[in-house]
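Here is the structure we will look at, set down as structure tokens.
All figures in this text were calculated on a predicted structure; none of them were measured in a lab.
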Amino acid sequence: MSLPSPSVLPLSSTNPTNPPLLSLTGIVKSFPGVRALRGVDLRLDAGEVLAVLGENGAGKSTLMKIIGGAHSADAGTLAIEGQEQRFQSPQESRAAGVAVIYQEFNLVPALTAVENIFLGQEVTTGGFVARRREREQVAALFRRMGVEVDLDEPCRRLSTAQQQLVEIAKALIHKARILVMDEPTAALTSHEVEKLFALMRELRRQGMGILYISHRLEEVFTIADRVTILRDGGNVSDCPIHAITRDQMIERMVGRPLDQEFPSRSAKRGGPRLEVSGLRRGKAVQGVSFQVHRGEILALTGLVGAGRTETVRLVFGADPRDAGEIRLDGQVLDIRSPRDAIEAGMGLLTEDRKLQGLVLRHPVRENFSLPNLRRWCRRGFVQRRRERSELDRYIAALRIRLSDPEERVGNLSGGNQQKVVLAKWLARDCEVLIFDEPTRGIDVGAKYEIYLLMNELVAAGKSILMISSELPEVLGMADRILVLHEGRITGEITDVAHATQQQILQLAHA
Amino acid sequence: MPEPMKPARWLADYGMILVLVLLCAFFSAVTYSEQSPTGEAAARQVVEAVLKAVPKGARVLVVASDQPGDAVFAARVERDLTAAGARVLATVTGEPRNAREALQKIQSAGGSMDAIAATRVAGGWRLITDLASDFSSLGSPRVITPASYRWPNFLKSENLLNIANQIAVIAIVAIGMTLVIITGGIDLSVGSLIALSAVLAAGFIRDQAGGMSASTGGMVLGCLLAIVVCGAVGGFSGLMITRFAIPPFIVTLAMMLVGSGLAYILAQGQSIYQIPDSFVWLGRGADLFGLPNAVVLLLVLYALAQVLMSRMKLGRYLYAVGGNAEAARLSGVPVRRVLLFAYVASGLLAGLGGVIMASQLKSGSPTYGNMYELYVIAAVVVGGTSLSGGEGRMLGTLTGAFTIAVIQNGMNLTNVESYTQKVVLGLVILGAVLLDKLRQAR
């Protein structure tokens with residue numbers, strides 16, 4: 001394999017008297033059957049944002065857990081300001097000044113921001129929690145951060161962005177000098193991302209070292225000073241952000257040159273297939289109407305909370321609707337449950353495949369069969385031979401990588417999990433597929449394969465309704481774009497080829 | 001398509017079987033003791049020995065004591081010896097006094113004797129061992145008794161059947177509990193439903209079907225009624241859980257109180273025993289190869305449940321609902337109906353359990369099934385089914401039920417006090433689940 005040779009910087013800091021804030025050398029970590037990390041080096045200086053990139057399975061999460069003390073390395077050294085550390089627990093890592101913000105936040109939903117921030121390190125006087133002093137400290141901190149978070153609401157009522165701010169505040173209260181963030185922008189709207197970046201820049205100015213993990217390459221260019229790229233548990237690149245292009249990043253992550261990010265397609269758009277009119281539910285969806293044509297990918301976009309997911313859930317019968325008519329091929333459908341929608345020929349790839357799309361503890365085979373059992377059944381008995389042959393067919397067609405169809409689906413990588421969800425709907429031969437954030441948390445290579453599949457589907461005359469927060473994806477894949485804002489459609493873009501992200505954002509903010 | 005089962009996976013699914021086998025081995029070892037055959041088996045052995053020891057046409061006395069099986073022994077020995085050409089002078093069953101009378105009679109008739117065929121106990125009587133001194137004129141007959149052998153009390157077939165009979169009710173109710181727990185729920189009402197069902201069935205037979213002279217049809221009707229009522233109670237729980245989203249723990253806790261209260265009201269706090277003797281057919285009868293009917297029923301139900309869970313669509317749906325109800329719903333699984341099925345099935349099986357218990361004890365009482373829900377849950381959990389739902393095996397539950405029964409029976413055989421038994425059983429349940437956790441953590 002010929003690769004453009006990556007420029008690897010020497011790992012020692014330029015100033016020997018001033019050791020790097022965090023340095024990892026030769027970190028090795030194995031799990032039963034998997035060598036997750038095979039000698040990774042990493043350096044983070046004070047006052048810089050280091051982006052760590054890599055496909056799923058490249059070892060980013062493992063590396064992060066080693067820094068956070070959740071795992072201990074099999075070999076290699078971890079030093080903070082030149083002092084070698086051996087973290088046996090997350091507590092030890094935190095005490096050394098490391099704060100890790102995982103994608104799943106570590107907040108107690110029923111406790112308020114203040115209670116969460118001081119959890120385990122309460123300010124006390126004579127055994128009693130000094131609530132007022134805690135509150136004042138947190139309020140002052142949020143003011144310095146320039147954000148507003150309700151201090152008295154339980155955290156479960158806060159938005160994702162606010163919960164993230166609570167996590168950051170927790171790190172700051174605990175005097176962390178190293179902040180590790182895993183996909184911090186995955187669930188944020190673009191406006192919230194801007195705010196987060198402003199805060200990160202301020203923290204950087206104050207001398208904090210930030211390790212930033214993301215799949216969104218655009219963001220890496222806006223926020224990172226340096227990039228470290230991992231592939232298959234090893235370093236492939238470490239360079240300043242200005243020394244690398246976006247395409248080079250992708251190439252180094254995937255290990256092969258990528259021709260293009262979005263495959264081109266040639267599907268002919270046919271007549272209208274799914275027609276939705278006057279869809280309503282509470283405040284979330286206030287009268288949405290649209291049509292999806294045969295052989296078309298219609299993108300539904302907008303800010304988080306604009307009512308995109310809510311809309312498709314109504315179409316699919318996952319939630320009861322207050323009003324609205326749904327027609328398929330001109331016929332009015334009486335959809336009261338997902339079962340009705342599936343019967344009518346629809347399939348839904350949910351936004352959150354772990355919570356809504358898959359039974360993680362169950363084998364791939366059973367997940368794949370779930371919506372199809374009714375057809376693969378004779379007198380209540382599952383036709384196991386048929387089930388197995390269908391599964392084998394789709395594993396091959398979708399190139400799902402697994403060692404055994406009896407493997408728990410939760411053990412697969414994100415991309416392969418998504419392919420299993422996709423396979424179960426493809427086997428159902430759905431006419432209308434609803435893809436809610438189809439490539440969330442999936443690495444570049446698998447994304448491309450999912451795009452190819454979507455193209456094949458529309459080429460075969462199917463209709464796809466896609467929700468995505470990633471504007472490049474919306475622009476790259478959709479035939480037509482609808483923008484939602486506060487439960488209403490605020491704009492339609494038909495000439496996608498000449499549309500810009502700016503244009504969408506303007507419509508999204510209405 | 002037959003798929004080769006990997007050993008690790010097999011052990012993961014049915015590791016409890018190994019524990020059960022080890023327990024059986026342990027109790028066999030500690031109850032290994034001297035056994036003497038009785039009844040038919042003893043008779044065959046003795047007849048053979050007699051025919052070998054003395055010439056054809058020999059004169060034989062048959063002596064047996066009055067223990068269970070001895071009458072059978074005596075009759076069989078007499079019949080077989082006569083058929084083989086020996087002359088049976090007299091057949092005695094009872095006490096040494098009876099044997100002395102018989103001997104005196106033979107002596108006064110002036111005859112001699114070649115052999116005495118006796119049971120082990122009778123052969124040990126002073127009278128028989130000192131025969132030469134008291135009845136010297138009879139010659140010196142050879143005393144032939146069945147040979148003893150060593151065998152564990154635990155492994156005697158009566159004991160094994162006893163274990164199966166004792167666990168039948170819990171094991172059958174545990175089928176329904178497994179279904180419910182696999183969906184991620186729990187059913188605390190089964191113990192009360194056992195009582196309700198027993199009282200309903202017995203009460204119906206007493207009041208509506210003619211009491212002691214009730215017909216088979218009347219008894220069957222009473223049992224079916226009781227089972228259907230329990231199924232309806234389960235259905236009610238299921239509706240509360242699916243329609244109003246009340247946690248199963250709360251709903252079935254309430255139904256546990258309601259069911260128990262109803263049983264006491266219906267029985268007026270009394271035991272109902274005015275039922276015909278033939279009612280015990282289900283609980284105590286043994287029609288098929290000497291297997292008790294309750295055990296046959298248990299095996300049939302487990303076979304059906306195993307097929308349901310491993311081969312049928314409904315089984316898959318039960319697992320899916322317990323594994324992730326939302327994902328199942330969005331995949332088109334009728335989640336509410338599946339849950340309803342689980343609770344109805346649990347109610348029906350608890351009702352059946354109550355009927356079996358009433359049949360075993362030939363009466364119905366509101367005190368039946370007290371605390372049974374906990375033993376049933378214990379059987380399910382020991383069998384490796386996770387209380388968080390989505391996982392579990394029917395055969396695991398069967399193993400779990402038998403593990404509990406074997407431990408109880410083994411402790412009875414080794415004279416462990418009943419209070420100590422509770423302590424041990426509690427620790428065993430904890431140990432079994434701990435083992436399961438450790439296995440998963442690997």
- [ ] Would you indicate whether R375(A), at its atom CZ, is surrounded by more than 12 heavy atoms from other residues, nucleotides or ligands within a distance under 6.0 Å?
- [x] yes

TODO: Check whether any side-chain heavy atom of Y319(B) lies under 4.5 Å from a side-chain heavy atom of H362(A), and answer yes or no.
DONE: yes

Task: Rounded distance [0.5 Å steps], CZ in F381(A) versus CE in M312(B) - done: 4.5 Å

TODO: Have a look at S331(B) and tell me which of R339(A), R428(A), K424(A) forms a side-chain contact (heavy atoms from CB on, under 4.5 Å) with it.
DONE: K424(A)

Task: R316(B) CZ to E387(A) CD distance, which is reported to the nearest 0.5 Å - done: 4.0 Å

TODO: Could you tell me which residues satisfy ring pair (Phe, Tyr, Trp, His ring centres under 6.0 Å) with Y317(B), sequence neighbours excluded, listed by chain and number?
DONE: none

Open item on the list: Which heavy atom of A327(B) sits nearest to which heavy atom of G357(A), and what is that distance?
Closed with: CB-C, 3.9 Å

Task: Approximate separation, where rounding is to 0.5 Å, of S337(A) OG and R329(B) CZ - done: 8.0 Å

Open item on the list: So which atom in R361(A) and which in S388(B) form the shortest heavy-atom distance, rounded to 0.1 Å?
Closed with: NH1-OG, 3.8 Å

- [ ] With sequence neighbours excluded, tell me which residues meet ring pair (Phe, Tyr, Trp, His ring centres under 6.0 Å) with Y394(A).
- [x] F368(A)

- [ ] Write out, in numerical order, the residues from residues 336-350 of chain B with a heavy atom short of 4.5 Å from a heavy atom in chain A.
- [x] R337(B)

- [ ] Could you check if a side-chain atom of T350(A) sits within less than 4.5 angstrom of a side-chain atom of E326(B), using non-hydrogen atoms only?
- [x] no

Open item on the list: For the CZ atom on R156(A), are there more than 12 heavy atoms of other groups (residues, nucleotides or ligands in this structure) within a distance under 6.0 Å?
Closed with: yes

Task: Exercise: identify the closest heavy-atom pair between F316(A) and L330(B) - done: CE2-O, 3.4 Å

TODO: State the CG-CG distance between L373(A) and L314(B), to the nearest 0.5 angstrom.
DONE: 11.0 Å

Task: Contact check, side chains of N324(B) and L360(A), non-hydrogen atoms, under 4.5 Å - done: no

Task: S468(A): side chain to side chain donor-acceptor pair (under 3.5 Å) partners, not counting sequence neighbours - done: E473(A)

Task: Rounded distance [0.5 Å steps], CZ in R374(A) versus NZ in K313(B) - done: 6.0 Å

Open item on the list: Is W425(A) in contact with chain B via its backbone, its side chain, both, or neither, using a 4.5 Å heavy-atom distance?
Closed with: side chain

